[in-house]
Amino acid sequence: MKTGVKRALVLELFDKQGGRCCYCDRPMVILPRGRDQNRPDAATLEHLITGRRKGWTKRHNMAAACRECNNMRGSAMDWCTFKTYRMGEFWEFISGCKDL
Ligand SMILES: [Zn+2]
């Protein structure tokens, strides 16, 4: 994906999510290109399902996440487990996420 397209998508998702991270629900910031990109609250493009499976770059697999969450998740956890972990909702996770 080209940088310009990626950026436009981050902006779109940012707007759709009310400027909040898809994992920790904290407000994010959109930074001008090349500036302070390592801020933990910078909005980044996140693939919900990692790995190069079919359809992994599709829109429904994208969400805006803050850099801190994006870095922390890596590809070790699936998105639902990670969100649960970030939100501290392990019990709700067990009953709520298994249908996804
Ligand atoms: Zn976050």
Side-chain angles (χ1 to χ4, degrees):
M1 198 180 280
K2 285 182 188 154
T3 314
V5 176
K6 227 167 163 178
R7 190 166 173 84
L9 192 55
V10 171
L11 286 169
E12 186 191 315
L13 292 165
F14 180 88
D15 194 50
K16 205 157 73 181
Q17 294 170 209
R20 288 177 182 274
C21 171
C22 69
Y23 294 125
C24 65
D25 208 35
R26 286 188 301 204
M28 299 182 290
V29 290
I30 297 272
L31 296 164
R33 203 180 296 223
R35 294 188 62 192
D36 282 336
Q37 291 295 330
N38 291 323
R39 275 178 64 151
D41 57 350
T44 64
L45 192 61
E46 170 77 348
H47 292 94
L48 293 178
I49 298 166
T50 54
R52 295 179 183 267
R53 285 181 228 176
K54 201 179 168 197
W56 79 299
T57 53
K58 294 275 163 59
R59 218 157 244 264
H60 65 254
N61 189 31
M62 301 292 202
C66 69
R67 179 163 303 281
E68 192 182 325
C69 286
N70 201 332
N71 286 347
M72 204 185 279
R73 181 187 165 208
S75 51
M77 275 186 221
D78 67 74
W79 71 270
C80 198
T81 309
F82 185 69
K83 180 177 171 75
T84 303
Y85 164 72
R86 289 294 276 165
M87 300 294 283
E89 292 170 349
F90 271 96
W91 295 109
E92 283 165 52
F93 159 70
I94 289 163
S95 56
C97 288
K98 63 186 175 192
D99 298 333
L100 292 175

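Read the numbers this way: they start at 1 and go in the same order the structure lists the ligands and their atoms. Model, not experiment: these values are computed from the prediction.
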Peer 1: Between Q17 and A64 (side chain of the first, backbone of the second, donor and acceptor by atom type, cut-off under 3.5 Å), is there such a pair?
Peer 2: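 Answer holds: yes.
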
Peer 1: Any salt bridge between E68 and R73, counting N to O under 4.0 Å?
Peer 2: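 No.
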
Peer 1: Can you list the residues that meet the side-chain hydrogen bond (donor to acceptor under 3.5 Å, both in side chains) rule with R20, with sequence neighbours excluded?
Peer 2: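 Not a single residue meets the side-chain hydrogen bond (donor to acceptor under 3.5 Å, both in side chains) criterion with R20.
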
Peer 1: Hey, are the side chains of R67 and D41 touching, using non-hydrogen atoms and a 4.5 Å cut-off?
Peer 2: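 R67 vs D41: side chains apart.
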
Peer 1: Give me the protein N, O or S atoms that fall under 2.8 Å of the Zn ion (ligand 1), sorted by chain and residue number.
Peer 2: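 Under 2.8 Å from the Zn ion (ligand 1) - ignoring waters, which are not counted - the protein N, O or S atoms are C21 SG, C24 SG, C66 SG, C69 SG.
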
Peer 1: W79 versus E46: any side-chain heavy-atom pair under 4.5 Å?
Peer 2: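 Not in contact.
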
Peer 1: Please check if the side chain of K83 supplies one atom and the backbone of C24 the other of a donor-acceptor pair under 3.5 Å.
Peer 2: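 Looks like no, no N/O pair under 3.5 Å.
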
